[in-house]
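Because the structure is predicted, anything quoted here is derived from the model rather than measured. Letters go in sequence order (proteins before strands), and every chain restarts at 1.
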Number of protein chains: 2
Amino acid sequence: MTDVTGTEARPRARKGEGDLLRQEILDGAEQLLVEKGDADAVSMRAIAKAVGVTPPSLYLHFADKDELLFHVCTRRYEEFDAVLGAASSGAANAADALLRMGRAYVAHGLANPVAYLVLFGVKSDVVPEGIAEEDLPGMQAFFRLVGVIEQGVTAGDFAADDPVAAAIGVWATMHGLVMMLLRGAGDHVPIPEDIVESVGRQALHGLLAR
Amino acid sequence: MTDVTGTEARPRARKGEGDLLRQEILDGAEQLLVEKGDADAVSMRAIAKAVGVTPPSLYLHFADKDELLFHVCTRRYEEFDAVLGAASSGAANAADALLRMGRAYVAHGLANPVAYLVLFGVKSDVVPEGIAEEDLPGMQAFFRLVGVIEQGVTAGDFAADDPVAAAIGVWATMHGLVMMLLRGAGDHVPIPEDIVESVGRQALHGLLAR
DNA sequence: TGTACATCAGTGAACGCGCGTTCACTGATGTAC
DNA sequence: TGTACATCAGTGAACGCGCGTTCACTGATGTAC
């Protein structure tokens, strides 16, 4: 794991290996985001220190702070897509896949609490130039969900006029649930122990053919 | 509406009327939050300027910036509660009430986009001293929803083992939906026109007695 | 009715700080001859 | 094999800025006698 105390010096990269620092910068920035829990609280100076480098070095790899944070987000979204893919891989049918994906999504969000809040709440929605639409953060994961719902419809298990609309509903439910659980609503509302399972089944029930 | 250009001077309050400025500060802070869309981008100096007063005056009314923003949030949450109350007042039954509340909640969120994002994403979850638990932002609105679901269960329309769990699921869905619609997912995903109705009915269907 | 005085709502200037970014530079690495 | 040189990954110092907050103060308002 990247050194975040920032006291030790970092050996200079060899000549063709400038990209090494780029990855270390993204690692350090992400870890700081997780620690601080707020994109505005993470400064370029802090990122540089965490990586063991001086602030101007960051500008050798990213045009500005926004672009740097955008790439951190992209990596995390891809991770969410991977989690959903792994969760659904062993499912018996679409309903089963959906439940598994829901559990995995919420569990992953809760296991990376601050990262989740930060990455899904980050304000820099300015997309840097040269980023294709289909590569945008979160799109792959979302269309994976649409695909599962389409399978369920084809198999006659789900009744959904529009799989995209249904996917938006399901995703909204899971995203909203993670947000509520993370934002400490639990300090003031009695959160049932099996809330994830309960809400997941409720969402699934909303999709089932009637 | 409060003057936000901040060029005009504000007449000093008469002796017993110090609370007038307090309200004006909250108004100005909220409007700035809406304009900026980010709690960190709103400074005490900017709030003071918007109200037509010098920065130190704010400290006559609020201990610090966190406390000021907390009170802004509280007012907005109360507004959401009022919107839900008005929406459900003419409903024929619990299912109807739920649909109406869902529509109103999402519509209100979408009609106040930046305010919604800011207030539900604001980081200052430190609760100032002297705030009772049941007065916490959002609690009234949430328990209003629980009440409607309990009515539906009593009437035999809804099947919900735990109304609180069911309410969390419904709220999560609506909150998540507003977040997705506001965060510009629509630029990259084809959002169906009737998405609110569609997701609302899907959520309701998940609650219905089977 | 007149005046001395306490109270209260503000002011104006300053504090120390960390920020994003730029600029001229250095010195190790690799290459051409 | 040795050396001059171009390239590249960084450095160190500085820029101007806006921030939250504190401090000693002012001057209008209301009150006691």
### Summary
With sugar-phosphate taken as primed atoms, P, OP1 and OP2 and all else as base, the protein-contact string of nucleotides 14-22 of chain D at under 4.0 Å (heavy atoms; B, S, -) is B----BBBB
### Message
Using a 3.5 Å limit for the pairing distances, which stems of at least 3 consecutive Watson-Crick or G-U wobble pairs does DNA chain C take part in?
### Response
C:2-33 with D:2-33
### Query
Is a donor on one side and an acceptor on the other found under 3.5 Å between the side chain of A:Arg22 and the backbone of A:His61?
yes
### Message
So if I apply the side-chain contact (heavy atoms from CB on, under 4.5 Å) rule between B:Leu204 and each of B:Thr173, B:Leu98, B:Asp96, B:Val170, which one comes out positive?
### Response
B:Leu98
### Query
Is the shortest side-chain N to carboxylate O distance from A:Lys65 to A:Asp40 below 4.0 Å?
no
### Task
Output the distance between atom CD (B:Gln202) and atom CD (B:Glu197), rounded to the nearest 0.5 Å.
12.5 Å
### Message
Using only atom types and a distance under 3.5 Å, with no angle test, would you say the side chain of A:Ser198 pairs donor to acceptor with the backbone of A:Asp194?
### Response
no
### Query
Can you tell if the side chain of B:Ile195 reaches within under 4.5 Å of the side chain of A:Asp162, non-hydrogen atoms only?
no
### Task
Would you sort out whether A:Arg76 and A:Glu79 count as a salt bridge (Lys or Arg N to Asp or Glu O under 4.0 Å), showing the intermediate values?
CA-CA 5 Å; A:Arg76 269 290 172 182; A:Glu79 189 182 301; 2.9 Å; yes
#### Entry: Whole angstrom value for the distance that separates P of C:dA9 from CG of B:Leu58
14 Å
#### Entry: Side chain to side chain, A:Pro55 and A:Ile47, heavy atoms closer than 4.5 Å
no
### Message
For a quick test of reading the model: is some side-chain N or O of B:Thr54 closer than 4.0 Å to OP1 or OP2 of C:dT11?
### Response
yes
### Query
Nearest-Å distance, NE2 (B:His61) to P (C:dC8)?
13 Å
